[in-house]
Amino acid sequence: MHSKLIASAALAALVLAGPALAQETAIPKQSVNDELRARLPENIRTEGKMISVNNGSFPPYEIVTGTEMTGASNDLTDAIGQVLGVKIEHVTVGGLPALLAGVNSGRYQFAFGPVGDFKSREESNDFVDWVQEFVVFAVQKGNPKGITSLDTACGNRIAVMAGGSAERVIQAQAEKCKADGKEALTVQSYTDQPSSILSVRSKRADAFFSSQAPLTYFVAQANGQLELTGTGQRNGFEDLYQGAVVPKGSPLGPVLLDAIKLLMSNGTYAQIMKKWGLENNMIKEPGINLGGALPK
C-alpha cells in the first residue's frame, strides 16, 4: 500500500527547524579557469548562467527554504560557478521523475544532486559522481519496533522517497516478507525528505529508509526523538555512488567532472564536505557513470 503525500511548508519548516549543523567555515573564492570556461556550451557562456534543478530538501546536501538553497551542494555549485565564470541558479521541482524530465528536456542544464547513479538510469542520463552513499533506517528513539535490517522491516510501516532506489528495494522486501509468510510490510512513499522523516516523528511510520547522510542530519535535529539503525550493512545495495545529472552525451558532463577535480585538488571539496559533516561520503576521485545495477 502506497501513500504519496506532499508536506506543507509548515511541516517542512518543523522538520528543518533548529540550529544549522554546518561548521562555521569560510570557503575560499575560486578564480575563473579559462580552459574550463571555454569548454562550456556557447549558449551557457553567452547567457552567463546555468540552472541546477533539485527535488526539494535533501540535507545536508540541499536544504531548500522557499526559493533559497543552502547546504553542501549549494556551496559546491557556488564554487563551480566561480571556476566556470557563470552564475548557477537553483530551481525546485516535485520528485525525481520531474527532475530527470526537466534535465532531459533542456529546461534545466543539470541537477547537482547528488542523485543515485545506476546503470538503468545511465541509459538516459550521464552521472558525474562526486560522493559515495549508504542506505539505512531512521527510527524512533530506542527502536521500539526492533528494525535493524531489511528482514526485520517485515510487519512495519516503512517510509521512503517516491521514485528513488530505496523505494524499489523496500517494495521488493515487502514481496519477500509476503513470500516468506511474515507479517506484511507497508510501504509509505513520500515526495520529499521532510515529510518522510516527519512521518516517523509523528509515529505514522515506524522507520524512514533512505540515504545515511540526510538521515544523520535529521536525527541530529530531532531533539533525541530519533536514531539510526542498519548502519554498516548492505541493506539491498552494492557500492552506491551519487552525483550530478546531465542529459546523455552532454558536453557539460566532462566540464563538471573537471571542475570537481579542480576543487578536490585545491582542497575546496574536502573543506565543504567537512563543513557539512560529510567526511564519510567523500570519494578520492570523481567519475562519470560509476554506478552499478539498480537493486532488484
Would [X] and [Y] count as having a side-chain donor-acceptor pair, cut-off 3.5 Å?
X      : Y      : result
Asp192 : Asn55  : no
Arg204 : Ser202 : yes
Ser73  : Glu62  : no
Gln193 : Ser210 : yes
Asn289 : Asp126 : yes
Gln271 : Tyr269 : no
Thr152 : Ser149 : yes
Thr268 : Gln30  : yes
Asn143 : Thr229 : no

Could you report the tightest heavy-atom contact between [X] and [Y], atom names first, then the distance?
X      : Y      : result
Ala207 : Val200 : C-CG2, 3.5 Å
Glu133 : Pro214 : OE2-CD, 4.1 Å
Gln212 : Val136 : OE1-CG1, 3.5 Å
Phe58  : Pro114 : CE2-O, 3.6 Å
Ser189 : Glu167 : OG-OE2, 2.6 Å
Gly116 : Gln242 : CA-CG, 3.7 Å

Check for a donor-acceptor pair, side chain of [X] on one end and backbone N or O of [Y] on the other, with a separation under 3.5 Å.
X      : Y      : value
Ser57  : Val64  : yes
Asp117 : Leu290 : yes
Asp78  : Leu76  : no
Asp75  : Ile27  : no
Thr92  : Asn54  : no
Gln132 : Ile283 : no
Lys248 : Glu122 : yes
Asn156 : Ile158 : no
Arg157 : Lys203 : yes
Gln173 : Arg168 : no

[X] versus [Y]: any side-chain heavy-atom pair under 4.5 Å?
X      : Y      : answer
Ile63  : Trp276 : yes
Phe134 : Ser211 : no
Leu262 : Leu36  : yes
Leu96  : Met161 : no
Leu215 : Ile197 : yes
Phe137 : Leu228 : no
Ile44  : Met50  : yes
Ile260 : Ile80  : yes

Apply side chain to side chain contact (heavy atoms under 4.5 Å, CB included) to residues Arg37 and Val86 and explain how you reach the verdict. CA-CA 8 Å; Arg37 178 177 169 79; Val86 298; 3.6 Å; yes

Would Arg121 and Val115 satisfy side chain to side chain contact (heavy atoms under 4.5 Å, CB included), going step by step from the backbone distance to the final call? CA-CA 10 Å; Arg121 291 179 179 173; Val115 177; 3.9 Å; yes

Linking I/L/V/M/F/W/Y whenever their side-chain heavy atoms sit closer than 4.5 Å, directly or via other members, would [X] and [Y] fall into one cluster?
X      : Y      : result
Val160 : Phe237 : yes
Tyr241 : Val245 : no
Ile272 : Val131 : yes

Between Trp130 and Phe112, how do the two ring planes meet: parallel, tilted or perpendicular, split at 30° and 60°? parallel

After noting the C-alpha distance and the side-chain angles of Val103 and Phe110, does the key distance pass the side chain to side chain contact (heavy atoms under 4.5 Å, CB included) rule? CA-CA 6 Å; Val103 170; Phe110 69 108; 5.6 Å; no

Rounded to the nearest 0.5 Å, what separates atom CZ in Phe127 from atom CD1 in Ile288? 12.0 Å

For Arg234, does the CZ atom have more than 12 heavy-atom neighbours from other residues, nucleotides or ligands under 6.0 Å away? yes

If you draw a 6.0 Å radius around CD in Glu35, do more than 12 non-hydrogen atoms from other residues or ligands fall strictly inside? yes

